Amino acid sequence: MEGIVKQEALILQTKGIVPRLKDLYIRPTVDTKKLQGTIEAHQNGFRYTSRAGTRLDILYSNIKHAFFQPSKCEMVVIIHFHLRHPILIGKKKNSDVQVFAEVGEGMSDLHRAHYMHDRDDEIAEQMEREERIKMDALFNNFRTKVEALGHFEFDIPYRELRFDGSPFRSHCLLQPTTNCLVNLTDHPVFVITLDEVELVHFERIQFHMKNFDMIFVFKDYNHKVSMITAIPMRSLDSIKEWLNSCDIKYTEGIQSLNWPKIMKTIVDDPAGFFDTGGWSFLEPEGGSNSDPGSDSDDQSDEYNPSESELSVNGEENATSNSEEYTSQESDSESDKFTGTDESSGKDWSDLEEQARREDKARDNEAEEDRREAAQRKKRPNTSYGSSNLKKRKMNFPH
């Protein structure tokens, strides 16, 4: 089958103690139904043997990454192998193989049956804690013995750097390791080797968006880009810090790009792509690609404002002119109020004489008003009373 590399024969360890783990499940399954089995570490590889007698050999030389994931906040404890070349399991090619044991509520039926009846929550929680500690210790002991053989080391996910996302159709928990970004619990599993990544680009980065997408561009441009969608916006800063610690360049934008078309353009003419700026088209305007030593005076000669900028400038000029006119008008009103007109200047004696004349005129007007009021009181108002009396008499019947 295409892509399958023929493996060497497994050399069994016949002397000494062989590192071994029992009562494990394997994924993908090697039998028609889910059965437990045992994994052993031999001279040049692992051998998994199910209870039905089915065997699967994995050579050390074909293991690209090995992971040990404890059962913390999970229902399983996992040892996972990410392979350099896929192997044939059943009739399908597989690049990922893992053995695992269930813990907690997911533990084997043999353990659950004994405590199924007459147990309260406290006993159940205590049993689950003990089961987790036991299984983690067994797996960690196996990992230590395998690493002592000197072929490779296991990578452990950093749970404190975890974030949610959708590398496939379903939402899952993604966890960085020293060399990879993985999700080993859900299937299909997700494994990205960080050394193979050239660039990470964040899409749909806007303040009103709740989620964003993350695209991994590999150094091998023939490799299809890998995308993680629906990452919560709250995880953006921590992801950037993690990428900085790994020395991986990242960019961000507000739009989703047509990556198959972009990668095809690069593959067709790599030299032309980098001659025209390379990945600079992903940089935000005025970003890190601008020359910090450029002369602003030279740029000002070539600056042509856009229509929007012109309209803004026009509004600013109109505003400044209005403010200037308002200030001039207020100055003139202030001059009127303070009486700064030269023609209105008078001596103190003239002002006293004017005040006396005005007081006398007001007194005369008040006296005339009093006299007119007294005359109105003396004059009888017969027309109003007689007319009302006639109206009242007309309204009564004879």
Side-chain angles (χ1 to χ4, degrees), residues 27 62-86 94-100 139 143 152-205 210-253 256-257 259 262-263 279 282:
R27 190 181 289 160
N62 195 30
I63 296 176
K64 187 176 182 180
H65 300 291
F67 304 99
F68 165 55
Q69 179 174 294
S71 62
K72 184 178 181 180
C73 301
E74 300 286 352
M75 302 304 295
V76 291
V77 52
I78 298 172
I79 284 182
H80 185 94
F81 304 113
H82 183 64
L83 307 180
R84 301 180 187 276
H85 307 289
N94 292 273
S95 297
D96 292 276
V97 180
Q98 69 177 221
V99 293
F100 64 95
F139 273 68
R143 174 185 71 91
F152 56 83
E153 293 183 355
F154 285 83
D155 217 351
I156 302 176
Y158 297 117
R159 189 169 181 83
E160 60 273 13
L161 300 178
R162 66 189 183 277
F163 60 91
D164 295 321
S166 300
F168 304 108
R169 293 183 178 180
S170 60
H171 214 61
C172 64
L173 183 68
L174 297 151
Q175 302 182 90
T177 70
T178 302
N179 302 306
C180 301
L181 176 66
V182 300
N183 170 255
L184 306 176
T185 306
D186 301 277
H187 273 256
V189 297
F190 179 78
V191 179
I192 285 184
T193 304
L194 299 180
D195 288 340
E196 298 176 356
V197 176
E198 178 172 329
L199 174 74
V200 172
H201 182 67
F202 301 112
E203 293 182 342
R204 301 191 300 120
I205 301 296
K210 295 182 179 179
N211 301 319
F212 65 94
D213 303 332
M214 187 177 182
I215 292 84
F216 291 84
V217 180
F218 297 96
K219 297 175 182 178
D220 181 7
Y221 296 145
N222 293 305
H223 194 302
K224 183 181 178 181
V225 300
S226 183
M227 179 181 296
I228 303 174
T229 62
I231 304 174
M233 194 64 72
R234 64 177 180 272
S235 302
L236 180 60
D237 292 339
S238 60
I239 293 175
K240 288 181 177 179
E241 292 178 2
W242 165 61
L243 292 175
N244 284 330
S245 66
C246 299
D247 293 329
I248 296 178
K249 177 182 175 62
Y250 64 83
T251 57
E252 61 182 52
S256 297
L257 303 177
W259 286 101
I262 293 173
M263 298 311 297
W279 299 112
L282 297 175

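The shown structure was predicted, so the numbers you read here are calculated from the model rather than taken from an experiment.
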Got a donor-acceptor contact below 3.5 angstrom from the Asn62 side chain to the Leu83 backbone? no

Under 3.5 Å, is there a donor-acceptor pair between the side chain of Asp96 and the main chain of Val189? no

Do the side chain of Asn183 and the main chain of Leu173 share a donor and acceptor less than 3.5 angstrom apart? yes

Minimum-distance pair of heavy atoms, taken over all atoms of Cys180 and Val191: SG-CG1, 4.3 Å

Taking all heavy atoms of Thr185 and all of His187, pick out the closest pair and write down the distance. O-CD2, 4.0 Å

Assign the ring pair Phe168 / Phe190 to parallel, tilted or perpendicular, where the plane angle (0 to 90°) is split at 30° and 60°. perpendicular

Chi angles and distances behind the side-chain contact (heavy atoms from CB on, under 4.5 Å) call for Leu243, Met214: CA-CA 12 Å; Leu243 292 175; Met214 187 177 182; 4.2 Å; yes

Angle class for the Phe202/Phe212 ring planes (parallel below 30°, perpendicular above 60°, tilted otherwise)? perpendicular

How many angstroms lie between atom NE2 of His171 and atom CG of Asp186, to the nearest 0.5 angstrom? 10.5 Å

Can you confirm whether more than 12 heavy atoms, excluding those of Arg234, are under 6.0 Å from its CZ atom? no

Taking side-chain contact (heavy atoms from CB on, under 4.5 Å) as the test, write out the residues that go with Asp247, two or more places apart. none

CD (Glu203) and CD1 (Ile228) are apart, to the nearest 0.5 Å, by 12.5 Å

According to salt bridge (charged side-chain N to carboxylate O under 4.0 Å, His left out), who are the partners of Lys210, at least two apart in sequence or on a separate chain? none

For Tyr158 against Thr177, the heavy-atom pair lying closest together: CE1-C, 3.7 Å

For the side chain of Gln69 and the backbone of Leu184, is there at least one donor-acceptor N/O pair under 3.5 Å apart? no

Polar side-chain atom of Asp213 near backbone of Ala230 as donor-acceptor pair, under 3.5 Å: yes

Give me the atom names and distance for the closest heavy-atom approach of Arg159 to Glu74. NH1-OE2, 3.5 Å

Between Phe139 and Val99 the two heavy atoms that sit nearest each other are CE2-O, 4.2 Å

Would you name the heavy atoms of Ala66 and Phe81 that are closest together and state the gap between them? CB-CD2, 4.0 Å

